[in-house]
Amino acid sequence: MNDILWNSKVLGAMQAHACLTEDELRVMKDWSLNKEPEETAFRFSMSKRTVESIRTKLRMKYDGIQEYAGLPPRVLPKKK
């Protein structure tokens, strides 16, 4: 699920305000390039579950800075 609309403003705001770890930064950059969690896991010698966990943390950090950084809200999936 790509619920964050990645662009240069979002990437810059996340790097400047979200206090990212090195792993979070790597996962975020791959995610912004639409890489699948399995591909990111393989590239950085992580488990798929670790990548998914980091993505969850990135969502929480995005939500934390979204309002004051002037970022759009995340696109939540539509309920059926």
Side-chain angles (χ1 to χ4, degrees):
M1 169 177 46
N2 208 2
D3 53 342
I4 298 175
L5 301 175
W6 296 106
N7 58 41
S8 60
K9 180 180 179 180
V10 171
L11 289 170
M14 287 290 285
Q15 290 178 24
H17 303 293
C19 300
L20 301 175
T21 66
E22 289 297 319
D23 284 342
E24 289 170 343
L25 189 58
R26 288 184 192 112
V27 170
M28 180 183 71
K29 286 181 179 179
D30 261 20
W31 192 9
S32 72
L33 297 171
N34 292 317
K35 305 285 186 196
E36 294 295 323
E38 295 85 0
E39 186 176 350
T40 300
F42 179 78
R43 283 173 36 100
F44 299 115
S45 301
M46 301 174 177
S47 69
K48 179 183 170 194
R49 185 174 179 155
T50 298
V51 171
E52 290 169 348
S53 175
I54 291 171
R55 284 185 173 198
T56 298
K57 290 176 188 173
L58 288 168
R59 286 181 181 99
M60 290 175 14
K61 289 184 176 192
Y62 181 92
D63 290 345
I65 69 165
Q66 177 260 322
E67 191 172 327
Y68 79 82
L71 302 174
R74 287 190 296 125
V75 179
L76 301 177
K78 295 179 182 177
K79 294 184 179 182
K80 294 181 180 181

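Bear in mind the structure is a predicted one, so any value in this text is a computation, not a measurement.
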Quiz prompt | Set of side-chain hydrogen bond (donor to acceptor under 3.5 Å, both in side chains) partners for Ser47, sequence neighbours left out | solution = Thr50
Quiz item: Can you find a heavy atom in the side chain of Val51 that is under 4.5 Å from one in the side chain of Arg55?
Solution: yes
Quiz item: Quick one: ring pair (Phe, Tyr, Trp, His ring centres under 6.0 Å) pairs with a partner in residues 2-30, sequence neighbours left out?
Solution: Trp6-Trp31, His17-Tyr68
Quiz item: What distance do Leu33 atom CG and Met28 atom CE have between them, rounded to the nearest 0.5 Å?
Solution: 10.5 Å
Self-check item: Test item: Tyr62 and Leu71 side chains (from C-beta on) under 4.5 Å apart, heavy atoms
Solution: yes
Quiz prompt | Pairing residues for Lys29 by the side-chain contact (heavy atoms from CB on, under 4.5 Å) criterion, not counting sequence neighbours | solution = Gln15, Leu25
Quiz item: So how far is it from Glu22 CD to Leu20 CG, rounded to the nearest 0.5 Å?
Solution: 9.5 Å
Quiz item: What pair of heavy atoms forms the shortest contact from Lys61 to Cys19, and how long is it?
Solution: NZ-O, 2.9 Å
Quiz item: Who passes side-chain hydrogen bond (donor to acceptor under 3.5 Å, both in side chains) against Glu38, sequence neighbours left out?
Solution: Lys48
Self-check item: Spacing of Met14 atom CE and Leu58 atom CG [to the nearest 0.5 Å]
Solution: 5.0 Å
Quiz item: About how many Å separate CG of Asp3 and CZ of Arg59, when rounded to the nearest 0.5 Å?
Solution: 4.0 Å
Quiz item: What residues, two or more places apart in sequence or in another chain, satisfy side-chain contact (heavy atoms from CB on, under 4.5 Å) together with Phe42?
Solution: none
Quiz item: Residues two or more places apart in sequence or in another chain: which of them pass side-chain contact (heavy atoms from CB on, under 4.5 Å) with Asn7?
Solution: Lys9, Val10
Quiz item: How far does CD of Glu52 sit from OG1 of Thr56, to the nearest 0.5 angstrom?
Solution: 7.5 Å
Quiz item: Can you find a heavy atom in the side chain of Met46 that is under 4.5 Å from one in the side chain of Ile54?
Solution: yes
Self-check item: Counterpart residues, side-chain hydrogen bond (donor to acceptor under 3.5 Å, both in side chains), relative to Lys57 (two or more places apart)
Solution: none
